[in-house]
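What follows is a short report on a single structure.
Chain A is the first sequence line, chain B the second, and so forth, proteins listed ahead of strands; every chain is numbered from 1. Since the model is a prediction, treat every value here as computed from it, not as a measurement.
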Amino acid sequence: MFDPQRGFVDPLLAWHERHGRHDLPWREPDRTPFEILLAEVLLQRTTAEAVAGAYRPFAARYPTPGTIAAAPTEEIEALVAPLGLVKRAAYLRRCASEILAWNSGDVPREHSELVNLHGVGEYTARSVLIHVTGLGIAAVDTNVKRLLSRFFGVTADRDRIAVLADALAPSTRSGDFQHAMLDFAAEVCTAGSPACSSCPVREPCASSEG
DNA sequence: AAGACGGGGAT
DNA sequence: ATCCCAGTCTT
């Protein structure tokens with residue numbers, strides 16, 4: 001009987017300790033909940049490498065909801081422009097205003113409140129919960145969907161994958177596990193030409209190329 | 001249930 | 001030339 005803890009979760013955590021992208025600026029331990037939320041929005045459909053080059057000035061200029069809510073939209077747009085999806089500038093400004101108006105400037109810690117923020121959907125809300133509160137759940141993005149679909153040999157929509165991902169997520173270290181899945185999918189279990197020959201979970205993987 | 005948003009890197 | 005990227009909002 002396959003044990004997902006020993007056969008998947010533990011190997012991914014071990015891989016992450018050694019090969020994870022530990023230098024990404026939004027993963028620095030003293031990042032505030034709002035700085036984490038900023039990063040998650042900038043990362044929507046955008047490579048971590050691209051966001052890494054734009055994040056520090058962005059977070060430095062808008063460290064709080066108040067600072068970005070008071071900024072001209074065109075100024076925010078200029079900082080988002082190199083990343084594409086420039087509408088996120090307006091989303092962020094409106095989101096910051098909502099956090100000010102509805103929660104006194106504190107990033108909500110409840111899923112139901114997070115998903116009501118403009119520009120915050122299921123993935124971003126879960127990411128904030130994982131990295132801010134340490135809640136033992138997972139967030140399904142394109143990387144996690146691909147990784148779990150391949151490894152478990154299932155063709156399922158995001159909601160079905162999310163049930164599986166939540167079941168795998170450890171009750172502690174859920175942030176490390178989330179990062180492990182993201183980094184592993186981005187560097188080994190890639191969309192095109194996955195590096196199966198050097199994959200630490202090749203043997204149990206349903207889609208292994210041998 | 002589709003379409004729009006989007007620049008930049010990889011193939 | 002085409003695909004892909006820590007998705008979400010709007011028809």
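Along DNA chain C, the nucleotide closest to A:Arg21 and the one closest to A:Val115 are compared, and the more 5′ of them pairs with A:Arg21. Where A:Val120 and A:His131 each meet DNA chain C at their nearest nucleotide, the meeting point lying more 5' is that of A:His131. A residue-by-residue look at A:Glu49 and A:Lys87 shows that A:Lys87 has its nearest nucleotide of DNA chain B further toward the 5' end.
Note on A:Glu75 versus A:Arg61: salt bridge recorded, some NZ/NE/NH1/NH2 to OD/OE distance being below 4.0 Å.
At C:dA6, none of the side-chain N or O atoms of A:Thr47 fall inside 4.0 Å of OP1 or OP2 (strictly under the cut-off). Distances shown here put every side-chain N or O of A:Arg94 at or beyond 4.0 Å from the OP1 or OP2 atom of C:dC9. Distances shown here put a side-chain N or O of A:Thr142 below 4.0 Å from the OP1 or OP2 atom of C:dC5. The phosphate of C:dC9 (OP1 or OP2) has no side-chain N or O of A:Arg45 nearer than 4.0 angstrom.
Between A:Trp15 and A:His19, the two ring planes are tilted [angle within 30° to 60°]. Taking the six-membered ring where tryptophan is involved, the planes of A:His118 and A:Tyr91 are perpendicular, since the angle between them exceeds 60° and thus also 30°. Taking the six-membered ring for Trp and thresholds of 30 and 60 degrees, A:Trp26 and A:Tyr55 have ring planes more than 60 degrees apart, a perpendicular arrangement. Below 30°, between 30° and 60°, or above 60°: for A:Phe152 and A:Phe2 the angle between ring planes is above 60°, a perpendicular geometry.
Considering only side-chain atoms of A:Leu85, the nucleotide from C:dT8, C:dC5, B:dG6 that sits closest is B:dG6. Which of C:dA6, C:dT8, C:dC5 sits closest to the side chain of A:Glu122 comes down to C:dT8.
Note on A:Ile36: nothing from the nucleic acid sits closer than 4.0 angstrom, heavy atoms only. Within 4.0 Å (heavy atoms only), A:Gly121 reaches sugar-phosphate atoms of the nucleic acid but no base atom. Using a 4.0 Å heavy-atom criterion, one finds that A:Val86 contacts the sugar-phosphate atoms exclusively. The residue A:Arg158 sits close only to the backbone: its heavy atoms come under 4.0 Å of sugar-phosphate atoms, none of a base. Nucleic acid contact class of A:Ala139 (heavy atoms, under 4.0 Å, all strands): none. Residue-level contact check: A:Ala191 touches the backbone only, with heavy atoms under 4.0 Å from sugar-phosphate atoms and none from bases.
Counting to the nearest Å, the P atom of B:dA4 and the CD atom of A:Gln44 are 19 Å from each other. One interatomic measurement links the two molecules: CZ of A:Arg88 to P of C:dC5, which rounds to 15 Å at whole-angstrom precision. For the pair A:Ile130 CD1 and C:dA6 P, the computed distance is 16 Å after rounding to whole Å. To the nearest angstrom, P of C:dC4 lies 9 Å from CZ of A:Arg146. In this structure, CG of A:Leu92 is placed 13 Å from C1' of C:dG7, rounded to the nearest angstrom. One can place CG of A:Leu129 at 21 Å from P of C:dA6, the figure rounded to the nearest angstrom. One atom, CD of A:Glu187, and another, P of B:dA10, lie 13 Å apart when rounded to the nearest Å. For the pair A:Leu37 CG and C:dG7 P, the interatomic distance rounds to 15 Å; values are reported in whole Å.
To the nearest whole angstrom, the two C1' atoms, one in C:dC3 and one in B:dG6, are 14 Å apart. For B:dA4 and C:dA6, the P atoms lie 23 Å apart once the distance is rounded to whole Å.
Ring pair A:His179/A:His22: centre-to-centre distance not below 6.0 Å.
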